[in-house]
Amino acid sequence: MKEKITPKRDKTKSDNLPYTLTPPPEGKKFHKRKPGLQDWMEAILFAFVVAMIIRNYTFENFLIPSSSMEKTLLVGDYLIANKIKYFFNDPKQGEIVTFRYPKIEEGTPEHEDYKDDFIKIFPPIYINKRHSFAKHPFTAFHICYYARRNVVKRVIGMPGDIVEIKDKIVYVNGKEYTGGFENYGVAIPSPPAAPERIEYFTYPENSFDYVSMNPWYEPYRVKIEGDSSAVRKIFNRDWFGPVKVPEKSYFVMGDNRDVSEDSRYWGFLERKYITGTPWLIFFSRGIEFNKLYDEPHIRWNRIFRHPR
């Protein structure tokens, strides 16, 4: 029976190697290299966090969907909003502000009649128990993103100001307030469709309209000696006030006064809802303001314009 021969180690050769193997320190642990999928997930999560920080605290882009600010801002204008400005300053009269819509809308997690349809994961992420793949708000597999929509208006009344509207004309503290940005008239059909006609209409004083149906303004009425508005019983779109703006609130209106749902309809805008101001129009496509039978086109003259 042959014996198993084990080759002997030549210690003299190993001692002459150009390198040495250093044993790991006691208690030192070496981590395995992360899987590629984990690297991708961490990169996506990091990018999401950075994007949310930029969106919530610096700049945000959005599209103008309605004609309430025409012709300062047109339907189809793509804006970049500066959200840094009002971290350090308060809005001033005449400035355009972006804000979260203060009115609680139906079908949202905040509405008293619909809040039980949602399970809060962490705002703005909710689970919609009732609808799957709903369009508004966007829902996929019962998970939805909800945040109050962005709205753009112009500051008319500052805290402590008395605001009144008489025959469409705005008065602040008894003086007419006009800035050349006011527009009137209702386009039919409304943008983005090309209008076939423009209607002009003024409500008579003390007549009833949609503004009259929500008398939110009652606690803020003021009386002015020798003014007929002191006995005005009903407020409407074209005859409103006088009302006094409370502290930390603003009276805001759209530049297109006849089609703007603004402070006349839902009340004063609280300072906490203001998020920024339009800074730049970076793209614009649609029709011109109140131009009959116009066709949608790229409005090159509006691109890179600063809204004022």
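The model shown is predicted, which means the values in this text are computed figures rather than measured ones.
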Approximate separation, where rounding is to 0.5 Å, of Phe304 CZ and Leu280 CG: 7.0 Å
Sub-6.0 Å ring centroid separation between Tyr217 and Phe235: yes
Aromatic plane relationship, Tyr101 with Trp266 - under 30° parallel, 30 to 60° tilted, over 60° perpendicular: perpendicular
Aromatic ring pairing Phe181/Tyr177, orientation class (parallel under 30°, perpendicular over 60°, tilted between): tilted
Heavy-atom check, side chain of Val172 versus side chain of Val170, under 4.5 Å: yes
Spacing of CG belonging to Asp161 relative to OG belonging to Ser249, to within rounding of 0.5 Å: 12.0 Å
Side chains of Arg237 and Ile165 in contact at under 4.5 Å (non-hydrogen atoms): no
Qualifying residue for side chain to side chain donor-acceptor pair (under 3.5 Å) with Thr98, from Asn82, Asn150, Thr275: Thr275
Partner residues of Phe208 under the ring pair (Phe, Tyr, Trp, His ring centres under 6.0 Å) criterion, sequence neighbours left out: none
Heavy atoms from other residues, nucleotides or ligands near CD of Glu295 exceed 12 (cutoff 6.0 Å): no
Heavy-atom neighbours of Phe282 CZ exceed 12 at 6.0 Å: yes
NZ-CD distance between Lys244 and Glu164, expressed to the nearest 0.5 angstrom: 15.0 Å
is_close_aromatic(Phe268, Trp216), centroid dist under 6.0 Å: yes
Step-by-step side-chain hydrogen bond (donor to acceptor under 3.5 Å, both in side chains) determination, Asp238 to Thr202: CA-CA 6 Å; Asp238 302 322; Thr202 300; 4.7 Å; no
Side chain proximity check, Met253 to Ser263, heavy atoms < 4.5 angstrom: no
Interatomic spacing from CD in Glu95 to CG in Asn89 - rounded to 0.5 Å: 8.5 Å
Tyr250 six-ring face occupied by Arg271 cation (under 6.0 Å, within 45°): no
Centroid-centroid under 6.0 Å between Tyr184 and Phe201 rings: no
Residues Glu288, Arg299; criterion salt bridge (Lys or Arg N to Asp or Glu O under 4.0 Å); working and verdict: CA-CA 8 Å; Glu288 301 299 331; Arg299 297 178 290 229; 5.2 Å; no
Crowding at OH, Tyr78 (>12 non-hydrogen neighbours, <6.0 Å): no
Reported CG-to-OG distance for the pair Asn236 and Ser207, which is rounded to 0.5 angstrom: 4.0 Å
Arg232 side, atom CZ; Glu205 side, atom CD - distance, nearest 0.5 Å: 4.5 Å
Intermediate values then yes/no, side-chain hydrogen bond (donor to acceptor under 3.5 Å, both in side chains), Asp255 and Thr72: CA-CA 7 Å; Asp255 289 352; Thr72 306; 2.5 Å; yes
Charged tip of Lys153 within 45° of Phe99 ring normal and under 6.0 Å: no
Side chain to side chain contact (heavy atoms under 4.5 Å, CB included) assessment of Leu269 paired with Ile274: CA-CA 8 Å; Leu269 174 62; Ile274 297 176; 3.7 Å; yes
